[in-house]
Amino acid sequence: MPLPRGGRLLGADAGKYQLPPVNGAAEAFIEIDKRLAAMDAQAVDMEVLSINPFWYDRDRDLAGKIVKIQNEKLAELCASKPDRFAAFASLTLQAPDLAVQELETAVRKQGLKGAAIGGVVDGVEFSDPRFHPVWAKAEELGVPLFIHPQGVPELSKRLSGNGWLGNTIGNPLETTIALSHLIFEGTLDRFPGLKIIAAHGGGYLPSYADRSDHPCLVGPKGCSPEVKLQKAPTEYLKQIYFDSLIFTPEAIRHLAAQVGAGQIVLGSDYPYPWQLAPVDHIFACSTLSDDDKANILGRTAARLLGVAA
């Protein structure tokens with residue numbers, strides 16, 4: 001089975017390093033020894049594996065079969081290398097009742113550490129009440145849900161052209177939209193113990209979060225009087241976790257200033273070469289204390305996932 005996309009990094013040591021040669025991403029997907037060698041070269045102790053959802057538009061039975069195989073194989077792989085790999089389950093979110101069962105099985109029986117989800121399900125936002133049973137189950141189990149975006153296909157025409165804008169802009173935008181709906185529709189009030197990890201630093205939301213505190217004052221007609229948030233929209237960012245795949249010490253400084261260093265975990269998108277030295281910008285961020293850096297490099301994720309730091 002190909003190793004899944006989207007490894008999240010739990011632990012790292014300081015130091016410079018050089019990656020072993022990889023023939024594209026394919027070898028790191030398929031050959032565990034090559035992936036372990038790359039992890040060692042990056043000073044990564046453990047990866048949390050996840051699979052980007054490609055099955056939300058499949059019918060219930062087929063999607064259920066896909067997810068069953070994936071979760072079984074992820075659990076099998078992690079059991080073979082428990083000191084190097086953990087994993088997030090896949091879920092059939094288009095069938096929330098089935099997703100609840102899958103999450104229960106994944107956590108209680110298969111040893112998986114939560115679930116990886118996209119940013120929307122066939123055009124339906126996560127704030128829709130149909131997904132409430134899934135969020136309730138995750139809250140009950142005390143496990144995180146990792147949001148990894150798939151882009152915004154509705155903007156495909158505008159995002160065409162040079163620069164791979166569908167990913168460069170579209171992926172962070174989808175995360176921004178997903179988180180904003182969870183905040184503004186009151187979902188995070190309904191499930192205050194829900195643990196969400198947002199990929200790529202949470203998209204654009206932390207970079208322009210303060211604007212979210214003003215729309216219902218400036219344009220109240222665009223806000224529902226039936227939704228009465230318990231706190232300012234920016235305050236909800238302090239109950240969301242964000243990965244560190246934002247490239248520079250300055251970006252990390254700003255994210256920590258907005259959400260708190262204790263809400264950041266290390267991320268890489270490995271084996272895709274977005275960030276082949278995923279710990280460097282953490283060590284180089286002069287505004288972080290040594291304790292902050294240790295938390296970002298592993299302690300926070302270890303606590304979230306219930307694994308040894």
Side-chain angles (χ1 to χ4, degrees), residues 3 5-22 25 28 34-50 81 83-88 113 144 146-148 168 171-172 175 195-207 209 237-238 240-309:
L3 285 179
R5 177 182 181 183
R8 304 295 112 186
L9 315 179
L10 290 184
D13 298 316
K16 293 294 180 183
Y17 33 77
Q18 182 176 0
L19 282 172
V22 174
K34 292 185 183 297
R35 184 147 189 158
L36 292 172
M39 289 167 62
D40 291 341
Q42 291 178 326
V44 172
D45 299 314
M46 177 178 280
E47 284 187 345
V48 184
L49 307 172
S50 58
K81 298 283 185 183
D83 59 330
R84 305 307 304 269
F85 296 122
F88 288 130
K113 302 302 183 181
F146 170 54
I147 295 178
H148 192 290
T168 306
N171 277 12
T175 303
K195 300 173 183 177
I196 291 174
I197 306 172
H200 318 138
Y204 304 119
L205 186 58
S207 298
L237 272 65
K238 300 184 187 302
I240 300 170
Y241 294 86
F242 303 85
D243 85 10
S244 64
L245 186 60
I246 46 178
F247 307 108
T248 67
E250 170 57 22
I252 290 293
R253 183 208 63 77
H254 179 80
L255 181 61
Q258 185 70 64
V259 307
Q263 299 303 113
I264 304 174
V265 296
L266 204 64
S268 73
D269 257 344
Y270 189 81
Y272 292 97
W274 285 101
Q275 181 69 296
L276 292 178
V279 306
D280 280 8
H281 64 309
I282 308 302
F283 283 113
C285 186
S286 60
T287 57
L288 295 175
S289 69
D290 288 346
D291 204 45
D292 289 336
K293 293 175 184 179
N295 286 334
I296 292 171
L297 293 170
R299 289 178 189 163
T300 299
R303 185 181 70 253
L304 267 175
L305 302 173
V307 300

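One-based numbering along the sequence shown.
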Between [X] and [Y], which heavy-atom pair has the shortest distance, and what is it?
{"X": "M39", "Y": "D45", "result": "CE-O, 4.0 Å"}
{"X": "A199", "Y": "T175", "result": "O-CG2, 4.2 Å"}
{"X": "Y270", "Y": "A38", "result": "OH-CB, 2.9 Å"}
{"X": "K113", "Y": "P144", "result": "O-CD, 3.3 Å"}
{"X": "P206", "Y": "L237", "result": "CA-CD2, 4.0 Å"}
{"X": "M46", "Y": "F85", "result": "CG-N, 4.1 Å"}

| What do you reckon, is CG of D290 surrounded by more than 12 foreign heavy atoms closer than 6.0 Å? | no
| message | So for atom NZ, which belongs to K81, do other residues, nucleotides or ligands contribute more than 12 heavy atoms lying within a distance under 6.0 Å? | response | no
Listed partners of [X] passing side chain to side chain contact (heavy atoms under 4.5 Å, CB included), at least two apart:
{"X": "S289", "answer": "D291, D292"}
{"X": "P249", "answer": "H281, A284, C285"}
{"X": "I246", "answer": "A251, I252, L255"}

| request: May I have the step-by-step check of side-chain contact (heavy atoms from CB on, under 4.5 Å) for V265 and F146, ending in yes or no? | output: CA-CA 11 Å; V265 296; F146 170 54; over 6 Å; no
| What's the verdict on side-chain contact (heavy atoms from CB on, under 4.5 Å) for I240 and V259, showing C-alpha distance, side-chain angles and the deciding distance? | CA-CA 8 Å; I240 300 170; V259 307; over 6 Å; no
| Does any N or O in the side chain of E47 come within less than 3.5 Å of the main-chain N or O of R84, such that one atom is a donor and the other an acceptor? | no
Enter the distance from [X]:[atom1] to [Y]:[atom2] here, rounded to the nearest 0.5 Å.
{"X": "S244", "Y": "I282", "atom1": "OG", "atom2": "CD1", "answer": "4.0 Å"}
{"X": "F88", "Y": "L49", "atom1": "CZ", "atom2": "CG", "answer": "10.0 Å"}
{"X": "L304", "Y": "Q263", "atom1": "CG", "atom2": "CD", "answer": "8.0 Å"}
{"X": "N171", "Y": "D269", "atom1": "CG", "atom2": "CG", "answer": "8.5 Å"}
{"X": "L297", "Y": "L266", "atom1": "CG", "atom2": "CG", "answer": "5.5 Å"}

| said: Ring-plane angle category for H148 and H200, please: parallel below 30°, perpendicular beyond 60°, tilted otherwise. | reply: perpendicular
| query | Tell me the salt bridge (charged side-chain N to carboxylate O under 4.0 Å, His left out) pairs involving residues 247-268, sequence neighbours left out? | reply | E250-R253
